[in-house]
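Atoms within each ligand, like the ligands themselves, are counted from 1 in listed order.
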Amino acid sequence: MIRWIDFRHPRMSRCSCVLIALCISLLTSCGAVNPPLSQTKGASAISINDFPPMDAAPGTTASPAVRALAKQFGRGINFGNMLEAPKEGDWGVRAEDRFIDLISDRFTQSVRLPVRWSNHASADAQATIDPVFFKRVDYIVDRLLARGAIVILNMHHYRQLDGDALDPGEFEVDPAIVEVRFLSMWKQIAERYASRSDRLVFEIYNEPHGRLETRWNELFSRALRVVRQSNPTRAVVVGPTEYNAAHKLSELSLPADANLILTVHTYEPFAFTHQGAEWVKPQPALGVVCCDAKQRAVIEQSLDLAVREARRLDYPIFVGEFGAYSKAPETSRIEYARFMRDAMRSRGLSWFYWELASGFGVYDPASNRFRESLYAALYKD
Ligand code: GLC
């Protein structure tokens with residue numbers, strides 16, 4: 001099983017993180033940053049029971065509209081390491097206009113936009129999203145939509161929800177309200193974007209894992225219900241646990257809803273795709289090449305399983321993330337990208353490469369150019 005430990009802020013030591021966390025919790029308890037629940041109007045009344053789950057209805061299948069939309073995703077791109085950093089820019093890259101303006105027929109018309117909402121919302125059960133941050137996301141979403149893009153807006157890296165350690169720059173909330181905050185945030189996000197075109201798609205949570213292994217089905221059902229109150233038919237993406245692993249699709253229970261699209265992530269062979277990744281502990285060794293027959297078989301098995309499971313569930317499915325870190329040998333990265341592209345194409349799968357302009361990047365932000373061989377392997381012909 002994959003274990004991620006994100007610690008992408010080498011400049012900040014663990015000591016300073018602990019100090020910052022202590023200061024925040026002191027300020028919080030004095031009411032300086034986030035007022036305690038009792039002082040927040042109505043907050044104490046909010047509980048998970050205010051977000052009931054959907055009905056389960058075996059036999060519900062996907063609408064023709066979401067089937068068509070999932071096909072239209074085609075070959076997309078993740079705007080990774082931007083808005084899902086603790087604060088935009090913390091991981092060295094922002095969702096700059098020059099990146100948004102790359103979106104075109106020539107490159108791609110499909111963008112997955114990961115967002116760490118949890119670090120921009122109040123620490124109480126209401127989880128009031130910071131209006132300045134909301135405006136920032138509005139700007140990016142609307143600029144992308146105006147370019148004709150399909151945009152998958154998600155919630156990413158709410159560390160406490162998975163039971164993970166916090167990242168530097170992230171604040172902690174009372175464990176008792178972690179899930180209700182998740183639902184409160186979705187209520188706000190869904191209401192905020194309810195009037196946007198149906199080319200805006202919601203993805204409820206990236207790579208559920210850890211403590212969500214046993215909580216995900218119920219929590220997704222509650223989140224979907226709250227989304228449906230303001231967005232009755234918008235396409236909503238859901239993936240299985242263990243970081244969206246195909247073999248966990250068998251444990252996903254889908255609520256009665258015709259506008260769902262399934263997703264999986266595949267970073268097989270992990271020792272290749274994540275060699276040298278600083279945020280994986282222990283850090284995978286360098287020098288692994290790709291893709292021999294055995295490695296190809298591992299990739300193909302996972303894609304085949306995803307396709308089979310989607311057929312059984314009778315919903316469309318796509319690959320929301322795959323990619324190889326820049327520390328992998330360059331020729332192998334190209335070979336891997338080409339192999340993945342062909343393997344997904346032959347199975348009729350849409351996909352989103354991880355990612356645009358950071359460590360896995362298909363675009364070099366320094367020279368302002370695509371990395372031509374990687375770009376060609378993925379997006380040409
Ligand atoms: C993960 C995450 C993403 C991470 C990437 C590469 O699955 O979704 O945030 O940076 O894959 O490790």
Side-chain angles (χ1 to χ4, degrees), residues 1-10 76-95 111-119 152-170 203-210 212-213 216 237-248 262-286 288 290 299 302 306 318-328 333 336-337 340 351-363 374:
M1 201 183 86
I2 303 169
R3 285 257 167 262
W4 309 95
I5 299 183
D6 263 291
F7 197 69
R8 293 180 228 202
H9 224 325
I77 187 73
N78 275 283
F79 271 36
N81 285 13
M82 299 175 184
L83 295 174
E84 89 280 18
K87 294 256 158 55
E88 187 182 4
D90 280 2
W91 288 350
V93 60
R94 292 171 184 273
V111 175
R112 181 168 176 264
L113 184 65
V115 181
R116 190 185 305 223
W117 296 97
S118 57
N119 210 38
I152 302 182
L153 178 65
N154 85 353
M155 186 179 297
H156 212 99
H157 292 333
Y158 181 7
R159 298 291 189 198
Q160 282 187 267
L161 193 64
D162 299 290
D164 287 348
L166 296 187
D167 283 328
E170 203 175 24
E203 181 180 347
I204 300 298
Y205 193 58
N206 176 67
E207 299 192 343
H209 62 273
L212 284 184
E213 291 293 337
W216 180 230
V237 170
V238 57
T241 57
E242 234 179 81
Y243 304 87
N244 290 159
H247 68 267
K248 285 284 182 167
L262 301 168
T263 192
V264 287
H265 292 180
T266 170
Y267 284 103
E268 302 285 5
F270 192 74
F272 166 70
T273 62
H274 277 68
Q275 55 195 289
E278 298 80 3
W279 61 97
V280 179
K281 300 284 179 263
Q283 191 170 330
L286 295 176
V288 184
C290 197
I299 293 171
S302 122
F318 70 99
V319 176
E321 290 186 19
F322 72 98
Y325 192 37
S326 56
K327 292 199 173 169
R333 280 183 85 205
Y336 160 83
M340 284 297 294
W351 51 258
F352 291 75
Y353 179 71
W354 185 268
E355 33 61 35
L356 181 67
S358 190
F360 291 60
V362 67
Y363 190 81
L374 186 57

If you measure from each non-hydrogen atom of Glu355 to ligand 1, which part falls under 4.0 Å: side chain, backbone, both or neither? neither
Under 3.5 Å side-chain donor-acceptor pair for Tyr243 and Glu321: no
For Asp164 and His209, test the side chains for any donor-to-acceptor distance below 3.5 angstrom and give the result as yes or no. yes
Should you measure from each heavy atom of His157, which atoms of ligand 1 turn up under 4.0 Å away? 9 (O)
Lys327 to Gln275 - nearest heavy-atom pair and separation: CB-O, 3.6 Å
Tell me, do Phe360 and Leu374 make a side-chain contact under 4.5 Å, heavy atoms counted? no
One finds that the ligand 1 atoms under 4.0 Å from a non-hydrogen atom of His274 are 6 (C), 12 (O)
By the definition side-chain hydrogen bond (donor to acceptor under 3.5 Å, both in side chains), identify the one residue from Glu355, His156, Arg112 that meets it with Asn78. Arg112
Is the shortest N/O to N/O distance between Asn206 and ligand 1 below 3.5 Å? yes
Minimum heavy-atom separation for Tyr353 to Gly323, with atom names? CE1-CA, 3.5 Å
Pick one of side chain, backbone, both or neither for how Tyr325 approaches ligand 1, counting any non-hydrogen atom pair under 4.0 Å. neither
So which of Arg112, His265, Glu321 gets nearest to atom 11 (O) of ligand 1, if we judge by its closest heavy atom? Glu321
Give the intermediate values and the outcome of ring pair (Phe, Tyr, Trp, His ring centres under 6.0 Å) for residues Phe318 and Phe352. CA-CA 8 Å; Phe318 70 99; Phe352 291 75; 5.5 Å; yes
Proximal ligand 1 atoms for Glu207, defined as those under 4.0 Å from one of its heavy atoms: 1 (C), 2 (C), 7 (O), 8 (O)
Compute the shortest N/O to N/O distance between Asn81 and ligand 1 and return yes if it is under 3.5 Å, no if not. no
At under 4.0 Å between heavy atoms, what of Tyr243 touches ligand 1? The answer is neither
Using a 4.0 Å cut-off to any heavy atom of Phe360, which atoms of ligand 1 qualify? 6 (C)
